[in-house]
Amino acid sequence: MSAEARTDQRRVRPVPKAIKYLFGLGLGARAVLMSSHLSGWLQDRLELASPVTSWTRMTEGLSLLDHGISPYEGDMFHETPLVLMLFYCLNKIWSGLIPIFFLLVDCITACLLHEVGSNVCRHLLEKQGRHVKTYSTDSMSLLLTGKQLNSVPRLMMGTYLCNPLTIASCAAFSTTGVHNLAIAAALLGAVKGKRLVATLATAVASYQCVYPEIFIIPVAMYIAQLEQGSRFSFRDTDSRLSMLQTAGGHFAWLGFLWGLSYLPFGSMEWLYSTRGFVMLAPDLTPNMGLFWYFFTEMFEHFRIFFLCVFQLNAVFYVIPLAIKLRDHPMFHLHLLVGLTAVFKSYPTFGDAALFLSLLPVWGHCFKYMRNLFLVVCMWLYSITCVCVVMCVLYSNVCTVQ
């Protein structure tokens, strides 16, 4: 064996058993649910499928497309044209590819989150090493350690793969998984300083849902910090030029995606059915969000005013957080992921699952959080209650049938 071959063999590291077990457990649970009758019931659950991400509505869109009718002529279909064409092609090739596609999407998202955790921890350690002499001795317990370079990425992967919320969303064929994949790719592109990848991923996420438009600000800040280092500042010309390049790349990719979406139907009517539907929130079917409950009790002549207030609430925090957290753009981006998951017009459990998967990055700070035990117990209790209630409802449905 040559020296080059031996070197390549040494570089190939075996996959740790913990990661194999995480993938086995997560994919096994998804596969079991997908192959059972429970999958069809989950597809109609409001907690897992919104009017935008529902697989039931996707099948209606595919059926209309089969009959030569534009799905955007009515008021039932609100997914983007490229995602529609993707599933249309998969369904034409073989319908069995669709569950495989959703499994692969969750696998890739988990792998991307693993890489994000590894890179973020490495950057935090490097930053600590440069400034540790200026830290107070009382803050040493808050510092990141080398052991967390391995534990944090695995925790992030496990939190996404084995989270009941993501498992149920995948089994329900919710297109939220595709949205989470785009955001995870944007995170990885940002932490690696790959402007082309980061801007494409943020454009894809924004193409699917209007709210991730604000993610480009912390992404641009992160890339500028990697390029400029300690010279990064909002007043620095090179830093501002770097952020403008990132923003320009984002909107260029978004325009390209809009252009591709024009081709299948020869019109831009899909914009009103997708982005317009999300912004105007005309469907007041009960869901996990705040919009439906508030606007069902709203007088019609107040609707436009409060609609603007609610939509601005989802994006209002980006500038204050950018100023306050200018040295911590990844934390800024994490907060925006959580805020949009709460304040978007049609949220689902899958949106909150991505926010939870990013929490282990800041695990070294948890011991100093207020009411940590109470908050964790509330999350666990809430998730357990949701799982139990859904099981009870499903058993009642089966009994009635």
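Numbering of residues begins at 1 and proceeds along the displayed sequence. This structure is a prediction, so every number in the text was calculated from the model and none was measured.
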Side-chain donor/acceptor of [X] to backbone N/O of [Y], under 3.5 Å:
X	Y	value
T175	V178	no
Q311	V278	yes
S206	T202	yes
T166	N163	yes
N119	G117	no
R30	L161	yes
N180	G350	yes
T348	S50	no
S39	S36	no
S261	L257	yes

Spacing of [X] atom [atom1] and [Y] atom [atom2] [to the nearest 0.5 Å]:
X	Y	atom1	atom2	result
M157	T109	CE	OG1	11.0 Å
F349	L354	CZ	CG	15.5 Å
I100	L104	CD1	CG	7.5 Å
M85	L62	CE	CG	9.5 Å
L335	H328	CG	NE2	11.5 Å
N313	C308	CG	SG	12.5 Å

Got [X] and [Y] here, is their nearest side-chain heavy-atom distance under 4.5 Å?
X	Y	result
V197	L188	no
T340	D351	no
L84	P71	yes
L358	L187	yes
T285	P51	no
P347	V342	no
L359	T159	no
L65	F265	yes

- Knowing that exactly one of F295, W292, F302, F316 qualifies, which makes a ring pair (Phe, Tyr, Trp, His ring centres under 6.0 Å) with F310?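 So the option named by the test is F295.
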
- Please, which pairs that meet ring pair (Phe, Tyr, Trp, His ring centres under 6.0 Å) have at least one residue in residues 181-210, sequence neighbours excluded?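 Qualifying pairs: Y207-W270.
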
- Task: Among residues two or more places apart or on two chains, list those pairs meeting ring pair (Phe, Tyr, Trp, His ring centres under 6.0 Å) that have a residue in residues 172-195.
- Result: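 Ring pair (Phe, Tyr, Trp, His ring centres under 6.0 Å) check on residues 172-195 returns W55-F173, F102-F173.
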
Does [atom1] belonging to [X] count more than 12 external heavy atoms closer than 6.0 Å?
X	atom1	value
I304	CD1	no
M298	CE	yes
F234	CZ	yes
K127	NZ	yes

- Query: With ring centroids as reference points, do Y346 and F277 lie under 6.0 angstrom apart?
  - Reply: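 So the answer is yes for these two rings.
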
Looking at [X] and [Y], what are the two nearest heavy atoms and their distance?
X	Y	result
S174	L48	OG-O, 3.3 Å
A198	A190	CB-N, 3.8 Å
A281	L307	CB-CD1, 4.4 Å
F77	G61	CD1-CA, 3.9 Å
L113	A184	CD2-CB, 4.3 Å
P329	M221	CB-CB, 4.1 Å

- With side chain to side chain contact (heavy atoms under 4.5 Å, CB included) as the test, would you mind laying out the steps for V337 and F215 before giving the verdict? CA-CA 8 Å; V337 170; F215 294 172; 4.0 Å; yes

Modelled atom types, side-chain donor and acceptor of [X] and [Y], under 3.5 Å:
X	Y	result
R195	S242	yes
S70	E269	yes
T56	D44	yes
S239	D236	yes
Y272	H78	no

- Query: Hey, mind stepping through E213 and H250 against side chain to side chain contact (heavy atoms under 4.5 Å, CB included) and telling me if it holds?
  - Reply: CA-CA 9 Å; E213 293 279 6; H250 165 80; 2.8 Å; yes

Restricting to ring-ring contact (aromatic ring centres under 6.0 Å, His included), what partner residues turn up for [X], sequence neighbours left out?
X	answer
Y160	none
F306	F294
F343	none

- Derivation of the side chain to side chain contact (heavy atoms under 4.5 Å, CB included) call for T274 and Q208: CA-CA 8 Å; T274 54; Q208 277 197 274; over 6 Å; no

- Given side chain to side chain contact (heavy atoms under 4.5 Å, CB included), test L339 with L321 step by step and report yes or no. CA-CA 12 Å; L339 287 170; L321 287 175; 4.1 Å; yes

- Item | Of all pairs that satisfy salt bridge (charged side-chain N to carboxylate O under 4.0 Å, His left out), the ones with a partner from residues 70-92, not counting sequence neighbours |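 Checked against salt bridge (charged side-chain N to carboxylate O under 4.0 Å, His left out) - neighbours excluded - the pairs reaching residues 70-92 are D66-K92.
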
- Query: Parallel, tilted or perpendicular: which fits the ring planes of W362 and H334, with parallel below 30° and perpendicular above 60°?
  - Reply: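 Aromatic pair W362/H334 classed parallel.
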
